[in-house]
Number of protein chains: 2
Amino acid sequence: MVRARGANVAAGPTLAVVAREAGVSVPTASKVVNGREDVAPETRRRVTEALDRLGYVRRPRFAGAPGLVDLVLHPLDSSRSGAVLSGVEAAAYEAGLEVVVSAAPARGRDARSEQGWLDKLTARGSSGVLFHTAEPSAAQYAWLDHHRIPYVLIDPVHEPPAGVVSVGAANWQGGVCATGHLLELGHERIGVIAGHRRTLAGEARLAGYRSALASAGVRYRPEYVRHADSDEAGARLRTHELLDLPEPPTAVFVCSDRMALGVYAALAEREVRVPEEMSVVGFDDLPEARWTAPALTTVRQPLAEMAATALRLLVRMTHGERPEGTRTELSTRLVRRASTAPPPTARPTAYGPVTAQRPTA
Amino acid sequence: MVRARGANVAAGPTLAVVAREAGVSVPTASKVVNGREDVAPETRRRVTEALDRLGYVRRPRFAGAPGLVDLVLHPLDSSRSGAVLSGVEAAAYEAGLEVVVSAAPARGRDARSEQGWLDKLTARGSSGVLFHTAEPSAAQYAWLDHHRIPYVLIDPVHEPPAGVVSVGAANWQGGVCATGHLLELGHERIGVIAGHRRTLAGEARLAGYRSALASAGVRYRPEYVRHADSDEAGARLRTHELLDLPEPPTAVFVCSDRMALGVYAALAEREVRVPEEMSVVGFDDLPEARWTAPALTTVRQPLAEMAATALRLLVRMTHGERPEGTRTELSTRLVRRASTAPPPTARPTAYGPVTAQRPTA
DNA sequence: CTGAAAGCGCTTACAG
DNA sequence: CTGAAAGCGCTTACAG
């Protein structure tokens with residue numbers, strides 16, 4: 001049986017062991033660890049190599065010190081990240097842990113800084129790392145495994161390597177719910193604004209859409225499927241494309257609430273009324289979904305709970321336990337608000353061009 | 001001259017000093033510090049007292065360990081907090097520091113847990129604390145001063161005690177800008193949805209509104225000023241009150257973008273069109289301001305920059321420097337988008353009752 | 001319950 | 001540049 005990655009208990013070597021291995025004294029090894037300049041290049045290389053090979057991690061100072069868990073967030077300032085942070089913090093508080101937050105090392109920071117981040121992690125002794133959206137690089141995976149620092153992925157964008165523990169949402173089920181809701185209302189021309197291709201969530205939500213159509217016996221139309229860049233601007237563009245179709249849809253399933261904001265903007269520009277002329281369903285149930293006009297019907301994804309679950313899994317891994325499964329999915333559910341209604345009876349077959357271009361900043 | 005609070009350099013006593021002071025051995029003092037059970041109550045009391053009197057803080061393990069800065073956020077999951085976190089993290093990264101995030105100890109957590117938080121802080125050796133929105137309690141101020149842990153307040157809600165260093169926004173100026181913009185467009189009947197009374201930002205923004213009216217020679221009408229609970233729901237209610245006035249305003253200055261969402265909701269319920277029938281100006285320039293329909297004209301408050309400034313001040317205080325002033329204000333500026341326009345020429349004097357109550361979740 | 005003794009994992013100062 | 005020696009601030013194990 002394959003050992004779960006990142007599930008080992010730390011009991012690594014001391015500096016003395018590393019020094020012996022490298023054939024130097026403890027003070028010299030100490031200098032290398034602390035990045036002092038007064039070490040011969042060849043000596044530094046030998047020590048670094050030993051440090052690396054043995055997976056050296058500085059000992060936590062003493063048992064009583066509160067454990068530190070790392071949370072890597074990307075971006076730092078989004079509703080999604082806020083929900084994740086809040087879930088992780090609450091669960092960490094319960095577990096007596098504290099949370100160190102950092103931006104994904106990728107964000108405009110080079111490989112050198114990525115290594116710097118890893119160095120800090122081991123220097124201060126992290127109990128484990130939680131990654132949100134931003135997945136670790138191959139080098140990071142290797143380093144973490146090597147230094148026996150456990151980690152869990154929260155809602156990873158792509159399929160993680162085998163054995164990596166992750167927590168996600170029931171995306172396929174959510175796609176089925178959203179589409180099923182529109183079908184029940186009587187829609188048959190249902191568009192989709194999907195996110196990036198080849199992402200876990202994107203593929204699953206789209207598959208849910210197709211499944212729902214299929215089981216309702218509604219024809220799947222490729223021209224109704226538009227992939228956007230997961231942000232408002234992309235979704236806005238794709239919505240215009242849907243409206244330009246000879247036979248535009250009467251409803252759209254938008255694969256994220258953020259993108260739904262872009263869809264709303266496009267519909268406003270074309271003076272298409274929601275939900276009278278177009279029904280819109282989002283995905284995520286971010287705070288803003290309550291305050292759009294009209295309030296957005298959406299699929300609730302329990303981000304905070306997912307984050308809390310990830311923290312708890314991480315704590316168990318810290319104690320040497322191995323989670324039963326490698327992937328945990330929390331269920332999603334439809335939240336009905338004001339952006340969906342039965343299709344217009346008149347059934348317009350085309351919308352005019354952009355009319356009221358409002359000034360924007 | 002008054003010494004800035006929280007501006008001391010730590011050089012506190014060691015455990016040995018504390019033990020001598022309490023008349024016990026170092027191991028015994030160590031037990032108390034680590035919360036062991038096997039200490040006589042009277043001994044524990046003496047040690048605790050000495051620990052407290054001397055302001056004991058565990059020594060950071062060694063110079064090379066990355067410093068940890070604490071950020072206390074309330075709430076954890078809001079656009080404001082996201083901006084603050086992102087500003088703090090970026091500046092901390094520049095300074096080689098890492099950020100430990102925690103929820104305001106107040107949030108459903110008792111006094112015991114507040115003390116627990118402070119204990120953790122000193123146990124792991126925090127370089128300093130940044131408070132956002134949630135101000136420290138009197139006990140926390142005392143503890144931090146005593147343990148020589150520096151702190152800075154980011155956009156505090158209330159006037160902080162003398163000597164406390166804080167970073168805020170030019171709220172008065174922002175109020176002047178927002179109101180001035182509406183006046184320039186030709187509005188004379190300008191309502192305000194203000195936040196809580198007796199808050200720093202609230203008072204200043206409202207004062208800015210009054211100053212702008214005064215210098216334009218426009219009459220101040222008390223009935224146009226409504227205080228809400230700083231959230232969407234409160235603002236929504238107050239907006240209905242404004243619309244119910246015999247002579248409702250033709251524009252509203254809303255003292256936060258979050259409240260502006262509530263104002264939009266109320267206006268949609270009454271079928272009052274923005275900006276044709278009602279101009280709306282917000283405050284903050286949160287991400288959502290770009291994606292409301294119509295996009296919100298608002299006063300930009302540089303939250304991330306404010307947070308970064310606070311971090312930098314904190315770092316200087318850590319080095320024993322004392323900032324020149326006790327309060328730093330970053331300037332605000334108007335961001336014109338699509339929610340403001342000249343007043344309607346027809347000038348309706350009253351709006352009907354709620355008509356199209358849309359179903360809500 | 002207490003504390004002398006030993007020990008931990010490191011760092012620092014300095015002689016070579 | 002290197003490392004023996006001394007030291008740091010604490011913790012642990014255990015005798016009393």
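In what follows, chains carry the letters A, B, and so on, assigned in the order in which the sequence lines appear, proteins first and then strands, with residues in each chain numbered from 1.
- Taken from CG in B:L73 to CZ in B:R80, the straight-line distance is 10.0 Å, to the nearest 0.5 Å.
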Derivation of the salt bridge (Lys or Arg N to Asp or Glu O under 4.0 Å) call for B:R45 and B:E42
CA-CA 5 Å; B:R45 199 197 54 70; B:E42 166 57 15; 3.3 Å; yes
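- In terms of modelled atom types and a separation under 3.5 Å, the side chain of A:Q140 and the main chain of A:S137 share a donor-acceptor contact.
- Here C:dA13 sits opposite no nucleotide as a Watson-Crick or G-U wobble pair (both hydrogen-bonding atom distances under 3.5 Å).
- Closest to the side chain of B:S25, from the set C:dC1, D:dC1, C:dG3, is C:dG3.
- C:dG3 and C:dG7 are spaced 16 Å apart, taking the C1' atom of each and rounding to whole Å.
- Residue B:T14 places its side chain closer to D:dG9 than to any other of D:dG9, C:dT2, C:dC1.
- Between A:L71 atom CG and A:S102 atom OG the span is 7.5 Å, to the nearest 0.5 Å.
- When each of D:dT2, C:dT2, C:dG3 is scored by its nearest atom to the side-chain atoms of B:P27, the top-ranked nucleotide is C:dG3.
- Here C:dG3 is the nucleotide among D:dC1, D:dG3, C:dG3 with the atom lying nearest to any side-chain atom of B:K31.
- Across the protein-nucleic acid pair, B:L51 atom CG and D:dG9 atom P stand 16 Å apart, rounded to whole Å.
- Considering only the side chain of A:L15, C:dC10 comes nearest among D:dC1, C:dT2, C:dC10.
- For A:A16 and A:D38, each mapped to the nucleotide of DNA chain C holding its nearest heavy atom, the one lying further toward the 5' end belongs to A:A16.
- Rounded to whole Å, the distance from CZ on A:R46 to P on D:dC1 is 14 Å.
- Summarising the geometry, the separation between CZ on A:R20 and C1' on D:dG3 is reported as 16 Å, rounded to the nearest angstrom.
- With C:dC10, C:dT2, D:dG3 as the candidates, the nucleotide lying closest to the side chain of A:V24 is D:dG3.
- Checking C:dC1, C:dG9, D:dC1 against every side-chain atom of B:T43, the shortest atom distance belongs to C:dC1.
- To the nearest angstrom, C1' of D:dC1 lies 13 Å from CD of A:E42.
- To the nearest 0.5 Å, atom OG of residue A:S126 and atom CG of residue A:L314 are 8.0 Å apart.
- Across all strands shown, C:dA4 remains unpaired; no Watson-Crick or G-U wobble contact has both distances below 3.5 Å.
- At the phosphate of D:dT2, neither OP1 nor OP2 sits under 4.0 Å from any side-chain N or O atom of A:T28.
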